[in-house]
Amino acid sequence: MQRVFSGIQPSGDLHLGNLLGALVKWVDMQDDHDAIYCVVDLHALTLRHDPEELRRNTIELAQLLIAVGIDPERAILFVQSHVPQHPQLAWLMECTVSYGELSRMTAFKDKSNRDGTKFISAGLFTYPALQAADILLYDTDFVPVGDDQRQHVEITRDIAERFNSRYGDTFVVPEHVIPPAGARVMDLQHPDRKMSKSEEGAGTVNVLEDFKAVEKKFKRAVTDSDMEVRYDIEAKPGVSNLLSILAGATGGDPVALADNYEQYGPLKADTATAVIELLRPIQERFAELQADPAETERLLKVGADKAEAIAAEVLARAKTNVGLLQG
Ligand code: ATP
Ligand code: LTN
């Protein structure tokens, strides 16, 4: 069976972009793939954070992933810092990627600018090396992610190919999987930028959000003044975003869905309803899981043991090929 790996940061509240851009695909792929999913807590250290909040976010995110439909019996679900091979392989990755390549990463440029003149950690800069380690440690064939992660999967492929050509066949070269609808969910208030955990506000819909608030956010979503419902990302970013969300939530096609609407009001109302119906079972299941954090911790431990068994073998292969003595 082909292997799937993906990760998500415990850096804030899970939102609709994460759900439609990545998690829906994660759930789908666990049926016919050998699936491994990871809460990447080490990645969350690259920006300033509060330790207590990180602990809470990590366990909550794991519970949310289970609530969304990741089945820890079928997929391996674990926390990155529980498997020490990740930062170990990351060093080999750092020595296989160049300063120039890392400097070209748009996520780094965005996040280092967002923080303005404040502290920019070295970890934020070398972050793609850790991500490459995450992926390559599991002989991964496919990486389901949102469109914003395309460049990080590309650099992972470049690193794998370079390592293989320098030191002999070591890593599987992975491919990204980006869903057609929902790949890039935009902020409802600023449809020119992606919905993001770190930019919460009236334009971000959280998976755990109260339904009244969800309705209100869609009602107030920014559209435009020409009143025509048409899927055209360039000319009509706000309306196209609503159509993409509706398509992502119902499994439809955004271009075809546009034909059902003549006005913005009904499109907003239907999109809100579809999103609420998508969120309802997730919120119910999350409430149950939240009542028993010890059980989630147990499941994560089982996941980490399974992950480590695979990662240890791949790391040993990489260490041998690169010329390190086995200890
Ligand atoms: P931040 O904005 O703080 O970087 P994030 O919201 O992008 O955080 P991540 O943990 O970095 O969240 O992303 C988890 C997954 O969700 C990734 O696969 C990413 O591609 C996807 N994703 C994030 N935002 C969106 C979005 N607006 N539309 C579609 N997919 C998204
Ligand atoms: N960089 C990703 C999170 C991430 C990831 C990974 C995704 C870390 N390691 C491995 C896929 C595979 C992000 O910010 N969304």
Side-chain angles (χ1 to χ4, degrees), residues 3-26 29 35-49 57-58 61 64-65 68 78-81 83 86-87 89-90 93 105-112 114-115 123-124 126-138 140-157 159 174-188 190-201 203-207 237 241 244-245 247-248 307 311:
R3 180 161 291 154
V4 170
F5 180 95
S6 198
I8 181 161
Q9 296 193 56
S11 54
D13 293 332
L14 200 70
H15 58 72
L16 200 55
N18 302 134
L19 186 63
L20 297 180
L23 301 183
V24 165
K25 206 75 202 147
W26 291 22
M29 292 184 91
I36 307 183
Y37 300 127
C38 182
V39 177
V40 291
D41 54 350
L42 297 174
H43 278 92
L45 303 182
T46 56
L47 296 175
R48 282 299 293 273
H49 72 284
N57 281 344
T58 303
L61 182 55
L64 267 168
L65 294 178
V68 165
F78 73 104
V79 175
Q80 186 185 30
S81 66
V83 178
H86 288 247
L89 184 64
M93 304 288 97
M105 293 292 110
T106 49
F108 172 71
K109 291 190 226 167
D110 288 352
K111 290 192 178 175
S112 51
R114 206 189 281 171
D115 258 2
L124 188 64
T126 60
Y127 170 122
L130 179 58
Q131 182 162 353
D134 298 339
I135 297 168
L136 300 182
L137 266 179
Y138 297 94
T140 302
D141 298 296
F142 299 111
V143 187
V145 282
D147 187 58
D148 61 308
Q149 290 298 310
R150 197 183 284 270
Q151 208 185 15
H152 284 159
V153 181
E154 281 302 321
I155 201 173
T156 300
R157 291 169 58 84
I159 294 173
E175 283 173 35
H176 62 230
V177 179
I178 296 177
R184 184 168 281 266
V185 176
M186 309 310 279
D187 188 288
L188 297 182
H190 304 275
D192 54 327
R193 67 178 192 220
K194 71 163 196 150
M195 193 178 280
S196 162
K197 281 186 193 139
S198 17
E199 307 271 339
E200 279 179 42
T204 302
V205 174
N206 289 323
V207 171
N241 190 35
S244 290
I245 294 173

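A quick note: this is a predicted structure, and the numbers were derived from the prediction, not measured. In listed order, ligands and their atoms are each counted from 1.
- Using a 4.5 Å heavy-atom cutoff, the side chains of Leu23 and Leu14 are in contact.
- Considering backbone and side-chain atoms together, Pro144 places no N or O closer than 3.5 Å to any N or O of ligand 1.
- Residue Val145 touches ligand 1 through backbone and side chain together, judged by heavy-atom distances below 4.0 Å.
- Looking at ligand 1, you won't find any N or O of Asp147 less than 3.5 Å from one of its N or O atoms.
- Residue Met186 does not touch ligand 1, judged by heavy-atom distances below 4.0 Å.
- Residue contacts with ligand 1: Lys111 is included, with a non-hydrogen atom under 4.0 Å away.
- For ligand 1 and Lys194, the ligand atoms under 4.0 Å from any heavy atom of the residue are 2 (O), 5 (P), 7 (O), 23 (C), 24 (N), 27 (N).
- Of all heavy-atom pairs spanning Phe78 and Ile36, the tightest one is CE2-CG2, 3.6 Å.
- Partner Met195 forms a side-chain contact (heavy atoms from CB on, under 4.5 Å) with one of Leu188, Asn241, Asn206 and no other, that one being Leu188.
- Ligand 1 has a nitrogen or oxygen under 3.5 angstrom from a nitrogen or oxygen of Gly146.
- For Tyr138 and His86, the ring centers sit closer than 6.0 Å to each other.
- Heavy-atom proximity to Ile8, at under 4.0 Å, picks out these atoms of ligand 1: 10 (O), 14 (C).
- Looking at ligand 1, you won't find any N or O of Ser11 less than 3.5 Å from one of its N or O atoms.
- In the vicinity of Ala22, heavy-atom distances shorter than 4.0 Å reach the ligand 1 atoms 15 (C), 16 (O), 18 (O).
- Using modelled atom types, no side-chain atom of Gln131 and backbone atom of His152 make a donor-acceptor pair closer than 3.5 Å.
- Closest approach of Leu16 and Val185 over heavy atoms only: O-CG2, 4.3 Å.
- Nearest-heavy-atom check against atom 24 (N) of ligand 1 across His15, Gln9, Arg193, Arg150 picks out His15.
- Polar contact check, Gln149 against ligand 1: no nitrogen or oxygen pair lies under 3.5 Å apart.
- When Asn18, Leu16, Ile178 are checked for heavy-atom proximity to atom 16 (O) of ligand 1, Asn18 turns out nearest.
- His49 NE2 to Gln9 CD: the interatomic distance, rounded to the nearest 0.5 Å, is 12.0 Å.
- Interface atoms of ligand 1 facing Gly21, defined by a heavy-atom separation under 4.0 Å, are 29 (C), 30 (N).
- In this structure, Thr140 contributes its side chain and Pro174 its backbone to no donor-acceptor pair below 3.5 Å.
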Are any protein N/O atoms closer than 3.5 Å to the N/O atoms of ligand 2? If there are, list each pair with names and the distance to one decimal place.
from     : atom 1 : to     : atom 2 : distance (Å)
ligand 2 : 1 (N)  : Tyr127 : OH     : 2.6
ligand 2 : 1 (N)  : Gln131 : OE1    : 2.7
ligand 2 : 1 (N)  : Gln149 : OE1    : 3.1
ligand 2 : 9 (N)  : Asp134 : OD2    : 2.7
ligand 2 : 14 (O) : Gln9   : NE2    : 3.2
ligand 2 : 14 (O) : Tyr127 : OH     : 2.7
ligand 2 : 14 (O) : Gln149 : NE2    : 3.3
ligand 2 : 15 (N) : Gln149 : NE2    : 3.3

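- Atom CE of Met93 is separated from atom OG1 of Thr126 by 13.0 Å, given to the nearest 0.5 angstrom.
- With respect to Lys194, the salt bridge (charged side-chain N to carboxylate O under 4.0 Å, His left out) criterion is satisfied by exactly one of Asp148, Asp110, Asp187, Asp147: Asp148.
- A side-chain contact (heavy atoms from CB on, under 4.5 Å) with Val40 is found for one member of Leu61, Ile8, Asp134 and no other, namely Asp134.
- Only the backbone of Arg184 comes within 4.0 Å of ligand 1, counting heavy atoms alone; no side-chain atom from C-beta on gets that close.
- The two residues Asp141 and Arg3 make their nearest non-hydrogen contact at OD2-N, 2.8 Å.
- In this structure, Trp26 and Pro144 approach most closely via the heavy-atom pair NE1-O, 3.3 Å.
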